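What you are looking at is a predicted structure, and each value in this text was computed from that prediction instead of being measured.
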Amino acid sequence: VTEKLADLNTHWTSRRAPYEEDLNNFSARLAQMQHELDEASKPRQFHPPPPGPSILRFVDGHLFHGICHIIVLLNLISICLEPYFRGKESAGLFQMLDNVFLVWYSAELVLKAIYHQKWLFCGECSTVWWNWLDLGIVACGIVGQWLLPLLEMNEGQQRVSTSVLMLLRTLRLFRVIRFLKILRAFLQSNLDWTEGARFESFMSAVIAANSVIMSLEVDVAWSGWVYVENFLQIVYIFELSLRLKKKGWGFFTECDSWNYLDLVMVVCGAMDLWLIPLVHFIQKLIYGHLDAIENRTLTGVFKVLTLMRLFRVLRLVKLLKMVKPLYRLLLGVLESVRAMQWVIVLTFLTLYACAVVFTNLVGKGLVTEGEISDEALLYFGSVPRSLFSLFKLMNGDLDVV
């Protein structure tokens, strides 16, 4: 009776798990809405308008911020694509794009400085330090993209320290920190729309499309698959970032195996798609070519990273989690497997006993009066062979007979 009660309790717990998860999600949304209601009921604090000309009010508007974020995103995409295009024409195109982006960042900073004046860099640290970061990005960009080429052109005419040139080349790496501007928008934006059914349906569609794309990549040779994989990886990172922002440290402390699985898939995908190009990109920025660091250690590491592409198959598991009927079906299948564990044990014991008997009768020649054929040794020469032969016979393989 105790065992039956334990089995019923386990079965009931597994059937109740998805509904408890839905209830927890609903409770979290209700708490979030209550928090927003409490914040909205507080008295508003009115801040004085910036001292700059009113014609520049658009620099604090949502439209201007959206355009700035799109520009930063395009800049990051161009930085990621630059290692894949190494021709002279491509290098000239990317250099022109870098200059256009730098001009935009400089103009954005100048407009904000005119509108906010001294309050752009003086005030609350939580707000002002982002402006100081923008200033640092623009300064490093001017030094790396405009001042450094002038020094390299005059290197033969004037004595310029090699260490100074190396330091200035290293400043090119600071272009990568422009992603912090996207991070700022991500941390300060309202992401309640990500908890709706539309976003979940979108992620389910992305995972389903990725499952089809994985088979097409194997059968169809196309150079554009790498861009499709990069887009999908960005979507997965965005979805994981949303969950990290929502749950915080609870993402790691609530002991949910799905969270760890998502984290492993995203990390393996990022290392496969971006780590190797990032190493080559850093080499090219610092040394000017890609053959500066070539050794067996890096080659072995790159081979291991290439094997991580196999982990992309785990993305299919996310589809089971996203689609609730499939998730409930999976739980039912797992419960049926647990219920059949004693059936499996009984089958193994039966096959093992029969394997011992057939090994003595056929493999040792008791039935054939000492005459042992090659086929008898092949199928029943030992207990493991007899066990495997009887297992095949149980599944309909009549070659043993």
Side-chain angles (χ1 to χ4, degrees), residues 45-82 91-154 164-191 234 238 241 245 278 281-282 284-286:
Q45 297 180 357
F46 294 95
H47 299 280
S54 60
I55 195 175
L56 297 179
R57 286 181 298 179
F58 65 91
V59 299
D60 286 341
H62 296 290
L63 179 61
F64 185 76
H65 286 172
I67 295 175
C68 293
H69 298 155
I70 293 175
I71 295 296
V72 175
L73 184 61
L74 293 176
N75 189 193
L76 294 177
I77 293 175
S78 68
I79 292 175
C80 295
L81 293 179
E82 187 173 355
L93 175 62
F94 282 107
Q95 184 177 4
M96 181 189 68
L97 290 176
D98 288 339
N99 290 325
V100 170
F101 291 135
L102 184 57
V103 169
W104 172 266
Y105 296 144
S106 302
E108 174 193 2
L109 187 63
V110 169
L111 290 176
K112 290 183 177 180
I114 295 175
Y115 184 56
H116 292 277
Q117 297 182 7
K118 67 176 183 178
W119 301 112
L120 184 66
F121 303 106
C122 301
E124 296 182 1
C125 182
S126 59
T127 303
V128 171
W129 86 274
W130 290 104
N131 300 327
W132 283 101
L133 177 64
D134 293 341
L135 179 62
I137 291 174
V138 172
C140 293
I142 292 175
V143 173
Q145 295 178 211
W146 295 343
L147 180 60
L148 181 60
L150 294 177
L151 294 178
E152 290 177 345
M153 291 175 57
N154 298 329
V164 173
L165 288 177
M166 182 61 68
L167 177 61
L168 294 178
R169 290 193 183 102
T170 307
L171 290 178
R172 293 178 179 177
L173 297 176
F174 284 90
R175 290 192 302 167
V176 183
I177 67 175
R178 293 173 184 174
F179 83 94
L180 292 178
K181 296 170 70 68
I182 298 293
L183 180 62
R184 173 190 181 183
F186 174 75
L187 295 177
Q188 295 180 349
S189 59
N190 187 4
L191 301 175
I234 291 174
F238 178 68
S241 302
K245 180 185 178 183
L278 179 62
F281 178 68
I282 293 175
K284 185 177 180 181
L285 283 179
I286 296 178

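Listed here is the closest heavy atom pair of Asp98 and Ser78: OD1-OG, 4.4 Å. Between Asn131 and Leu120 the shortest heavy-atom distance is ND2-O, 2.6 Å.
At a threshold of 4.5 Å between non-hydrogen side-chain atoms, the residues Val72 and Cys68 do not count as touching. The side-chain heavy atoms of Tyr105 and Asn75, taken from C-beta on, include a pair separated by under 4.5 Å.
For Gln95, the CD atom is loosely surrounded, since the number of other residues' heavy atoms within 6.0 Å does not exceed 12.
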Donor-acceptor contacts under 3.5 Å from residues 55-63 side chains, at least two apart:
{"unit_1": "Arg57", "atom_1": "NE", "unit_2": "Ser54", "atom_2": "O", "d": "3.1"}
{"unit_1": "Asp60", "atom_1": "OD1", "unit_2": "His116", "atom_2": "NE2", "d": "3.1"}
{"unit_1": "Asp60", "atom_1": "OD2", "unit_2": "His116", "atom_2": "NE2", "d": "3.2"}

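By the ring-ring contact (aromatic ring centres under 6.0 Å, His included) test, Trp119 is found to be paired with no residue, residues two or more places apart in sequence or in another chain being considered. By the side-chain contact (heavy atoms from CB on, under 4.5 Å) test, Trp132 pairs with Phe121, Val128, Leu135, sequence neighbours left out.
Distance check: Asp134 CG to Trp129 CH2 gives 9.5 Å after rounding to the nearest 0.5 Å. Separation of atoms OG (Ser106) and CG (Asn99) is listed at 10.5 Å; rounding is to 0.5 Å. For the atom pair Ile234 CD1 and Leu73 CG, the distance stands at 7.0 Å (nearest 0.5 Å).
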